[in-house]
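Notes follow once the structure below has been shown.
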2 protein chains.
Amino acid sequence: MRSAANATAPHPRPSVLGGAAHRPARAGLTAFEQETLAVFVGLARVVGLPKSYGEIYGLLYASAGPLNFGDIQERLGLSKGSVSQGLKALRAVGAVRLAEPAGGDRDHFVPETELRKLVGGFLKESIRPHLDGSDRRLAALGGLVGPSAAGPAERKILQGRVDKLMRWHRQGRAVLPWIEKLLG
Amino acid sequence: MRSAANATAPHPRPSVLGGAAHRPARAGLTAFEQETLAVFVGLARVVGLPKSYGEIYGLLYASAGPLNFGDIQERLGLSKGSVSQGLKALRAVGAVRLAEPAGGDRDHFVPETELRKLVGGFLKESIRPHLDGSDRRLAALGGLVGPSAAGPAERKILQGRVDKLMRWHRQGRAVLPWIEKLLG
DNA sequence: ACCCGAGTTCAAGAAAAAATGAACAAATAA
DNA sequence: TTATTTGTTCATTTTTTCTTGAACTCGGGT
């Protein structure tokens, strides 16, 4: 591809020229971008994702057009490693996609902006695996009530707890699709 | 005085749950208890709560009767500080309650076992606050699109993003009550 | 072939979160 | 009152998680 050093060519890069930066926290980010990042960094926290992932998604969200790897790294001031891993993870969850498969140049990234897909991807990649994992554990639990309980009364209570736990799982699973549906 | 703080302190303290220990990984915990802990520690992780909270709730869940502070500390081998904070937080979320206000002795704790209440408490204490917090941020975002955008086309796109973000929040808020309802 | 730039991987350092323990407060008993 | 037992708070230590940077791979381009 072309002039290696800089890939900023095809994209209108919002610059800090005219408007005065209010909070020069991160060089080269507009106030709009900074606020957007803050929103998504907070969101990342809530869902247990690293800050840098929130920043990457936030920057894409605050950009009118696709950005490539270099853009992201440069503007956020992150290491290549972080950007690489962040993009990989975000793509795995379906939060970020490649723009225009063709195009010749480097890969460009855009944010997925459909809430339903975003949440869907997250549920699928993060919640379901957990449910599946603990399902195995739960199966084993049933057999352990007996040896553990001191008497029949206690035994009954504990068995009830195990049953309830299994019910929770079923309910949890059942709710996920509804959440996605309600967000559509 | 003996500092009862640490794990290796052997105690003759019988708890509501007597029982033979099959896997003495954690001294004095039955296999059933250990498995149950594992389940809730995993759950705590998913929800972004410290492991110790999961252990505390798990132990209560695996116990047929109420436990007091000392029971919990001793059997889990946690420090007093951890138990204190854990119980406080779990109570704040409504995951743990005091059993029988009367009774004379120390406070006894029981787990909340209604899924709806558990989830409800969590949503109320953890998700809502976040939504409220970012609402303020979002309000500000609208005013920053103009100064940030390079041209009218871009401006329009970014404005669309901001609008969408606000819509997400509304949808998010709207879904929460449904989740609780679906779990009832 | 070689070189150069783009991106990935992973060990190691930095940062953040959680657990500890000791000082403290509250409540009870002697 | 003083001594004891119970629980809380918070600074410090420990553990976990995140980020970095350097070595490495992959793919043109010359």
Side-chain angles (χ1 to χ4, degrees), chain A residues 1-10 26 37 40-42 44-59 66-92 96 98 103-109 126, chain B residues 1-9 11-13 26 37 40-42 44-59 66-92 96 98 101-109 126:
Chain A
M1 91 212 40
R2 305 286 38 195
S3 48
N6 208 340
T8 31
R26 223 162 329 201
L37 288 225
F40 284 104
V41 166
R45 262 202 124 28
V46 168
V47 282
L49 262 40
K51 185 165 88 151
S52 64
Y53 294 15
E55 294 180 327
I56 293 171
Y57 183 88
L59 179 63
L67 301 180
N68 63 35
F69 192 103
D71 293 334
I72 296 170
Q73 196 213 320
E74 210 170 89
R75 314 231 19 240
L76 293 177
L78 291 171
S79 67
K80 282 197 294 178
S82 290
V83 174
S84 178
Q85 297 199 158
L87 282 173
K88 185 167 139 193
L90 289 170
R91 255 184 301 165
V96 165
L98 289 164
D105 272 318
R106 290 199 251 170
D107 285 347
H108 289 260
F109 301 95
S126 301
Chain B
M1 1 237 145
R2 81 199 152 162
S3 65
N6 224 327
T8 31
H11 284 302
R13 190 155 207 6
R26 220 171 196 153
L37 288 225
F40 284 104
V41 166
R45 258 199 128 31
V46 168
V47 180
L49 261 39
K51 184 166 85 148
S52 64
Y53 294 16
E55 293 179 328
I56 293 170
Y57 184 88
L59 179 62
L67 301 180
N68 64 37
F69 192 102
D71 294 331
I72 296 170
Q73 196 213 319
E74 218 166 81
R75 313 227 24 236
L76 293 176
L78 291 171
S79 66
K80 283 198 292 178
S82 290
V83 174
S84 178
Q85 296 200 158
L87 282 173
K88 185 168 139 193
L90 290 170
R91 256 184 301 166
V96 165
L98 288 164
D105 271 318
R106 296 197 247 167
D107 285 347
H108 288 261
F109 301 95
S126 302

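Quick note on labels: first sequence line is chain A, next is B, and so on, each numbered from 1.
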(message) My understanding is that only residues two or more places apart in sequence, or in another chain, count here; which of them pass ring pair (Phe, Tyr, Trp, His ring centres under 6.0 Å) with B:Phe40?
(response) B:Tyr57, B:Tyr61
(request) Please name all residues satisfying side-chain contact (heavy atoms from CB on, under 4.5 Å) with B:Val83, sequence neighbours left out, ordered by chain then number. (result) B:Phe69, B:Ile72, B:Gln73, B:Leu78, B:Leu87
Restricting to nitrogen or oxygen on both sides, can you table the protein-nucleotides 20-23 of chain D pairs closer than 3.5 Å?
from   : atom 1 : to      : atom 2 : distance (Å)
D:dT20 : OP2    : A:Ser79 : N      : 3.2
D:dT20 : OP2    : A:Ser79 : OG     : 3.4
D:dT20 : OP2    : A:Ser82 : OG     : 3.0

(request) Measure the spacing between NE2 of A:His108 and CG of A:Leu67 and express it to the nearest 0.5 Å. (result) 9.0 Å
(message) Between P on C:dA16 and CG on A:Leu49, what's the gap in Å once rounded to a whole number?
(response) 17 Å
(request) Nearest whole angstrom, please: distance from the C1' of C:dA26 to the CZ of B:Arg106. (result) 15 Å
(request) Can you tell me the distance, in whole Å, between the CD1 atom of A:Ile56 and the C1' atom of D:dT19? (result) 11 Å
(message) Measure NZ/A:Lys51 against P/C:dA16 and give the value in whole Å, please.
(response) 7 Å
(request) Look at the side chain of B:Ser52 and decide which nucleotide, out of C:dA19, D:dT19, D:dT9, has an atom nearest to it. (result) C:dA19
(message) Applying side-chain hydrogen bond (donor to acceptor under 3.5 Å, both in side chains), can you list everything that pairs with B:Ser82, at least two apart in sequence or on another chain?
(response) B:Ser79
(request) Would you mind reading off the distance between B:Glu74 atom CD and D:dT5 atom P, rounded to a whole angstrom? (result) 14 Å
(request) Round to the nearest Å and state the distance from B:Ile72 atom CD1 to D:dT8 atom P. (result) 11 Å
(request) First locate atom CD of A:Glu74, then atom CG of A:Asn68, and finally report the distance between them rounded to the nearest 0.5 Å. (result) 8.5 Å
(message) Rounding to an integer number of Å, can you tell me how far B:Asp71 CG sits from D:dT6 C1'?
(response) 13 Å
(message) Rounded at 0.5 Å granularity, tell me how far CG in B:Leu49 sits from CD in B:Glu55.
(response) 12.5 Å
(request) Let me know the distance between CG of A:Asp107 and P of C:dA6, rounded to the nearest Å. (result) 13 Å
(request) Could you tell me whether the phosphate oxygens of C:dG7, OP1 or OP2, come under 4.0 Å of any side-chain nitrogen or oxygen in A:Lys88? (result) no
